[in-house]
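Heavy-atom basis, side chains included; hydrogens, waters and symmetry copies ignored.
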Amino acid sequence: MDTSSQNIKEQEILLSIVETWKPSEYPEYRGFRCANCQQYKNEAWYHWVNFGNYRLPIHMCDDTCEKEFNNGTIKIDGSKRQTVDRDNFGNKYLFSQESLKRFKEIVALWPTYEEPKLKVYTCDNCGNDLDIDPIDGQRKGYHVWWKQNDGKTLIELHFHKDCGHKLGIYSKEEKS
């Protein structure tokens, strides 16, 4: 298989994983999970999805899923596949113009492809490692889904609590 065919196959598998998620229109402040097995992890392999109207890093655990992905044995639960109403997605939580401008700047710097890297989770705004919660030991940050201006592409960004607040980002619980 040539490199471009291999990249398309990888993107299709990664997209199949992303399609098992239910993106939240509200920012969530929480720990990070493996994209496939959904186990909480403080570091993971970063893969980039730029396919099927998604643009985001997805994270695979070092213990199991990354190995299975690399050797072609990863199992994806297709019964969990979600349909996202892209026409209406993004209407429940409105971001400020400043936030949207910053989101666009961040995404413009993202690679279309990069070799996977094992690393801790970082803030998309400042680039620093996200904080570890002293109570549960999980690295946490805001998980923010945003629909790009093309009206189709969904993007997920991650922020420190402080970086998020500076951009006017709060979880549903914080807004109540």
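Residues Glu98 and Leu167 approach most closely at OE2-CD2, 4.3 Å, considering heavy atoms. The shortest non-hydrogen separation linking Ser171 to Tyr142 is N-CE2, 3.7 Å. Here the closest non-hydrogen pair linking Pro116 and Trp45 is O-CZ3, 3.6 Å. Counting all heavy atoms, side chain and backbone alike, Cys61 lies closest to Cys34 at N-SG, 3.3 Å.
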Only pairs under 3.5 Å count here: list side-chain donor-acceptor contacts from residues 104-115, not counting sequence neighbours, and write none if there are none.
residue: Glu105; atom: OE1; partner: Arg102; partner atom: NH1; Å: 3.2
residue: Tyr113; atom: OH; partner: Glu115; partner atom: OE2; Å: 3.2

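With contacts defined as side-chain heavy-atom distances shorter than 4.5 Å, the pair Ile74/Ile17 qualifies. Inter-residue side-chain proximity for Phe95 and Pro27 is flagged as met; some heavy-atom pair is nearer than 4.5 Å. Contact of the Cys37 side chain with the Thr64 side chain is not registered, since no non-hydrogen atoms from C-beta on lie closer than 4.5 Å. Contact check for Ile76 versus Asn36: side-chain heavy atoms found under the 4.5 Å cut-off. Tyr54 has its side chain out of reach of Trp21: every pair of non-hydrogen atoms, C-beta onward, lies at least 4.5 Å apart. With contacts defined as side-chain heavy-atom distances shorter than 4.5 Å, the pair Glu156/Val144 does not qualify. Side-chain contact between Asn7 and Glu10 is present, with heavy atoms from C-beta onward closer than 4.5 Å. The side-chain heavy atoms of Leu100 and Trp146, taken from C-beta on, include a pair separated by under 4.5 Å.
Checked against ring-ring contact (aromatic ring centres under 6.0 Å, His included), Tyr46 has the following partners two or more places apart in sequence or in another chain: His59. Scored by the side-chain hydrogen bond (donor to acceptor under 3.5 Å, both in side chains) test, Thr73 finds Asn71 as partners (sequence neighbours excluded). The ring-ring contact (aromatic ring centres under 6.0 Å, His included) check on Phe159 picks up Phe103, with sequence neighbours excluded. In this view, Thr122 satisfies the side-chain hydrogen bond (donor to acceptor under 3.5 Å, both in side chains) rule with no residue, not counting sequence neighbours. By the ring-ring contact (aromatic ring centres under 6.0 Å, His included) test, His143 pairs with Phe32, His158, sequence neighbours left out.
For the atom pair OG1 of Thr20 and CD of Gln38, the computed distance is 6.5 Å after rounding to the nearest 0.5 Å. Note that the CZ atom of Phe51 and the CG atom of Leu14 stand 10.0 Å from one another [nearest 0.5 Å]. Separating the CZ atom in Phe89 from the CH2 atom in Trp145 is a distance of 7.0 Å, to the nearest 0.5 Å. Summarising the geometry, atom SG belonging to Cys65 is positioned 9.5 Å from atom CD1 belonging to Ile58; distances are rounded to the nearest 0.5 Å. To the nearest 0.5 angstrom, Leu15 atom CG is 12.5 Å from Ile8 atom CD1.
Hydrophobic clustering (ILVMFWY, side-chain heavy atoms < 4.5 Å, transitive): Leu118 and Leu56 are in one cluster. In the hydrophobic clustering of ILVMFWY residues, with side-chain heavy atoms under 4.5 Å counting as a link, Tyr40 and Met60 come out apart. Linking ILVMFWY side-chain heavy atoms closer than 4.5 Å, directly or via other members, places Val120 and Leu157 in two distinct hydrophobic clusters. In the hydrophobic cluster analysis, where Ile, Leu, Val, Met, Phe, Trp and Tyr join through side-chain heavy atoms closer than 4.5 angstrom, Ile155 is grouped apart from Val18. Under the 4.5 Å side-chain heavy-atom criterion for Ile, Leu, Val, Met, Phe, Trp and Tyr, Tyr26 and Ile169 are members of the same hydrophobic cluster.
Contacts classified as salt bridge (Lys or Arg N to Asp or Glu O under 4.0 Å) and involving residues 75-89 (residues at least two apart or in different chains) are given here: Glu19-Arg81. Listed by first then second residue, pairs satisfying salt bridge (Lys or Arg N to Asp or Glu O under 4.0 Å) with a partner in residues 127-140 read Asp133-Lys140, Asp136-Lys140, not counting sequence neighbours. For residues 52-73, the set of pairs meeting the salt bridge (Lys or Arg N to Asp or Glu O under 4.0 Å) definition, not counting sequence neighbours, comprises Lys41-Asp63. Counting only residues at least two apart or on different chains, the salt bridge (Lys or Arg N to Asp or Glu O under 4.0 Å) pairs with a member in residues 162-176 are Lys161-Glu174.
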Start with the C-alpha gap between Gln138 and Asn42, add the side-chain angles, then the distance that decides, and say whether side chain to side chain contact (heavy atoms under 4.5 Å, CB included) holds.
CA-CA 6 Å; Gln138 290 180 8; Asn42 284 330; 4.3 Å; yes
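Through ILVMFWY side-chain contacts below 4.5 Å, Leu94 is grouped with nothing and stands alone. Residue Ile132 shares its hydrophobic cluster (ILVMFWY side chains chained together at separations under 4.5 Å) with no other residue.
The number of heavy-atom neighbours closer than 6.0 Å to CD of Gln82, taken from other residues, nucleotides and ligands shown, is above 12.
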